[in-house]
S.K.: 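Below is a structure I'd like to ask you about.
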Number of protein chains: 2
Amino acid sequence: MNIGEIARRAGVSRSTVSYALSGKRPVAAATRKRIQDVIDELGYRPNATARALKEGRTRMIGLVIPPAGNRLTHMQLDFVGSVVDAAARADLDVLLSPSGGDHDRSFERLISESRVDGVILMEIRLQDARVGRLLQARLPFVGIGHTTDDRAMCWIDVDYAGLVRHTVRHLADLGHRKVALISRSPELVAAGYGPAIRAREGFTEAVRERGVEGVEVACGDDARSGQESIEGLLRAHPDLTAVTTVNEAALPGIQRALADAGLSVPYDFSVTGVAGRLWAEDFRPPLTAADVPAHDMGVQAVSLLIERIAAPHTPPRHILLAPPVSLRSSTGAAPARPAAGPAPHPGGAGAPRA
Amino acid sequence: MNIGEIARRAGVSRSTVSYALSGKRPVAAATRKRIQDVIDELGYRPNATARALKEGRTRMIGLVIPPAGNRLTHMQLDFVGSVVDAAARADLDVLLSPSGGDHDRSFERLISESRVDGVILMEIRLQDARVGRLLQARLPFVGIGHTTDDRAMCWIDVDYAGLVRHTVRHLADLGHRKVALISRSPELVAAGYGPAIRAREGFTEAVRERGVEGVEVACGDDARSGQESIEGLLRAHPDLTAVTTVNEAALPGIQRALADAGLSVPYDFSVTGVAGRLWAEDFRPPLTAADVPAHDMGVQAVSLLIERIAAPHTPPRHILLAPPVSLRSSTGAAPARPAAGPAPHPGGAGAPRA
DNA sequence: TTGTATGCGTTATCAT
DNA sequence: ATGATAACGCATACAA
């Protein structure tokens, strides 16, 4: 079924059908009705490929996600969902491309075959070859995260350094003298993954600024790794009384390990960090944390990209989001004695909390 | 950059460039090299849109996912990831369409504008209008899940009825006399969502077959709902000693509620069900469960779809997966006395498990 | 108000 | 072994 067939059945020319559909030129009411009737009867919709070829744009955007090997975190998942929804609202379709390494067939297809009008690039590393490729291909794009050399590109990011700094200050103000940062996976840290590196920056700064002792550990994006991180930390640092984390997927493990060690939050031990709101609220007790606005980021990334597609040569815009740290119940005054042997307290460790 | 420009610079005709690229007709070695040099220099790649128009296929498949409002479960996420990976391996791109309702712009665009060569439809309900639309549009598709009237379509599904039946028998064999099914959200159940309905079927059958008492509750796809479900069940049924569930996202809440109630798994209470492997292994103690093979399903769905695109008129194939129930540590003999007041046992409730 | 003709970038048929 | 050309389905400049 194509526009020619509609025209034939309605007894008009193809251009009249086209104009009746687009409204870009007046069509007599009677003619329009005749055309519409045929269209309704046959369920005709213009072929997207032909239209794309003619118009020079596909009405699709590419979303470059980490490959399935590394499973996405909930935050990333929310982000993908909100991008797809925001794009749908703008009548744009989303083409998914799993890409992590630099030599990637799917990524190359995406950007060099004119399949999409623009790209949203997730999981940017501090040095990222894909940014160069995108720039070179002159394809509009928005990065989630920013490279060290970020002037030439549009990006939107969470201010991990600032937020971690904020949480460490909060802990220091509560009297904690030794705090740990539970970061992302060793692989991501080694690869120069922005949030991990910038979290470290903020941590290091705040720790020095407040004169507290700081220790950083890498931690896989799963509960088990979180558990092992805490176990290792407690072994190596019996005087540790607080952690801050940018690894939301580790939170259930962190919780379990603390419970197993007989440490009650926040009486014996404080936990804070940067995480999606649902993770934070799901923590026991609810986590004092900066809530990563994954949904907002998706929506904003799409509108930034649409803007960029419309005006590719305007100077790139950057959005650094610093959501407030929501004070919930997982942080408290440092225990009188360090955590090694928990001090007695109301509703303490071991007793069922029913 | 287009094929004409390459042809001009290489001093040949456009068709020669095309044939040099496709290899569908012999090209003199010297000519081929000349062409290749120009292509390498300019980084030319054929325009996907033009090729799609000419060839009558887009080399894209559509993946219809639930809208972002309902956040995806990990199992669904794994599925999406494996579909994208499997498709990439076959040089297919994946177009995402969030669609739940029946009147859906994105879904209609996908199927009636020839944007994709085929569709994978997630989250099928027992009666699903989208199946009819797809059939009517003569677009090859594979359903994840099957409708009641499933003869006309290709599908792949997990045998929820059989698996739940299996787990209930297992519990009955261990001496449990009253078991509960924790199902999916009330909305999904009401909408006639296949896994929820079929889980009920298997549950009802097995309960009758073994002469045990069965109670079913709907439960949202999140930890909090899981927790509330267990709390409600324990209140209403003090003699309950076991649950089976098809709601993996509820597992952390189930675990927490049982711990809060001072019930130790599997000594006081048994838990089993159908869940992704990671969720099962993350349970404490590891969950005796049928592991949903989300990754396999994605891979198989893609190859089924590719097959169907190649031969649209062969009789539709159906794949019903029944993964084995992995015996881990969350099920045990029914307690001598019902769970109301937990009996003493080794490593029982309340004591830190360090 | 409507029709005719052209071109988007490719692949494939026909001709040489 | 290679070149000229038609066609895929659409949108639009130009003509009437």
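Small disclaimer: the values here were computed from a predicted structure and weren't measured.
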S.K.: At under 4.0 Å between heavy atoms, how does the protein contact nucleotides 6-12 of chain C? Give one character per nucleotide, 5' to 3', with B, S or -.
M.R.: BBBBBBB

S.K.: Go through DNA chain D in 5' to 3' direction and return only the first and the last nucleotide with some atom under 4.0 Å of chain A's heavy atoms.
M.R.: D/dG9 to D/dC14

S.K.: Got a sec, which residues hit side chain to side chain donor-acceptor pair (under 3.5 Å) with A/S15, two or more places apart in sequence or on another chain?
M.R.: A/S13

S.K.: List the residues meeting side chain to side chain donor-acceptor pair (under 3.5 Å) with B/D296, not counting sequence neighbours, and say none if there are none.
M.R.: none

S.K.: Show every salt bridge (charged side-chain N to carboxylate O under 4.0 Å, His left out) that has at least one partner inside residues 303-313 of chain B, sequence neighbours left out.
M.R.: B/E307-B/R317

S.K.: Table please: side-chain donor-acceptor pairs of residues 112-122 of chain B below 3.5 Å, with sequence neighbours left out.
M.R.:
{"from": "B/S112", "atom 1": "OG", "to": "A/R45", "atom 2": "NH1", "distance (Å)": "3.4"}
{"from": "B/S112", "atom 1": "OG", "to": "B/E108", "atom 2": "O", "distance (Å)": "2.5"}
{"from": "B/E113", "atom 1": "OE1", "to": "B/R115", "atom 2": "NH1", "distance (Å)": "2.4"}
{"from": "B/E113", "atom 1": "OE2", "to": "A/R45", "atom 2": "NH2", "distance (Å)": "2.7"}
{"from": "B/R115", "atom 1": "NE", "to": "A/D93", "atom 2": "OD2", "distance (Å)": "2.7"}
{"from": "B/D117", "atom 1": "OD1", "to": "B/T58", "atom 2": "N", "distance (Å)": "2.7"}
{"from": "B/D117", "atom 1": "OD1", "to": "B/T58", "atom 2": "OG1", "distance (Å)": "3.2"}
{"from": "B/D117", "atom 1": "OD2", "to": "B/T58", "atom 2": "N", "distance (Å)": "3.3"}
{"from": "B/D117", "atom 1": "OD2", "to": "B/R59", "atom 2": "N", "distance (Å)": "2.7"}

S.K.: Please identify each residue that fulfils side-chain contact (heavy atoms from CB on, under 4.5 Å) with B/L135, with sequence neighbours left out.
M.R.: B/V131, B/F141, B/A152

S.K.: Suppose we screen for side chain to side chain donor-acceptor pair (under 3.5 Å). Which residues come up paired with A/T49, at least two apart in sequence or across chains?
M.R.: none

S.K.: For A/Y193, enumerate each residue passing the side chain to side chain donor-acceptor pair (under 3.5 Å) test, keeping only those at least two apart in sequence or located in another chain.
M.R.: A/E123

S.K.: With a 4.5 Å limit on heavy-atom distance, are the side chains of A/D37 and A/E41 in contact?
M.R.: no

S.K.: Please determine if a side-chain N or O atom of A/T16 lies less than 4.0 Å away from the OP1 or OP2 oxygen of C/dG3.
M.R.: yes

S.K.: Quick check on the helix from C/dT1-D/dA16 to C/dT16-D/dA1: what's the angle between its two end axes, five base pairs per end, to the nearest 10°?
M.R.: 50°

S.K.: Return all side-chain donor-acceptor pairs below 3.5 angstrom for residues 25-32 of chain B, not counting sequence neighbours, or 'none' if the list is empty.
M.R.:
{"from": "B/R32", "atom 1": "NH1", "to": "B/V27", "atom 2": "O", "distance (Å)": "3.0"}

S.K.: With B/R138, which residues qualify under salt bridge (Lys or Arg N to Asp or Glu O under 4.0 Å), at least two apart?
M.R.: none

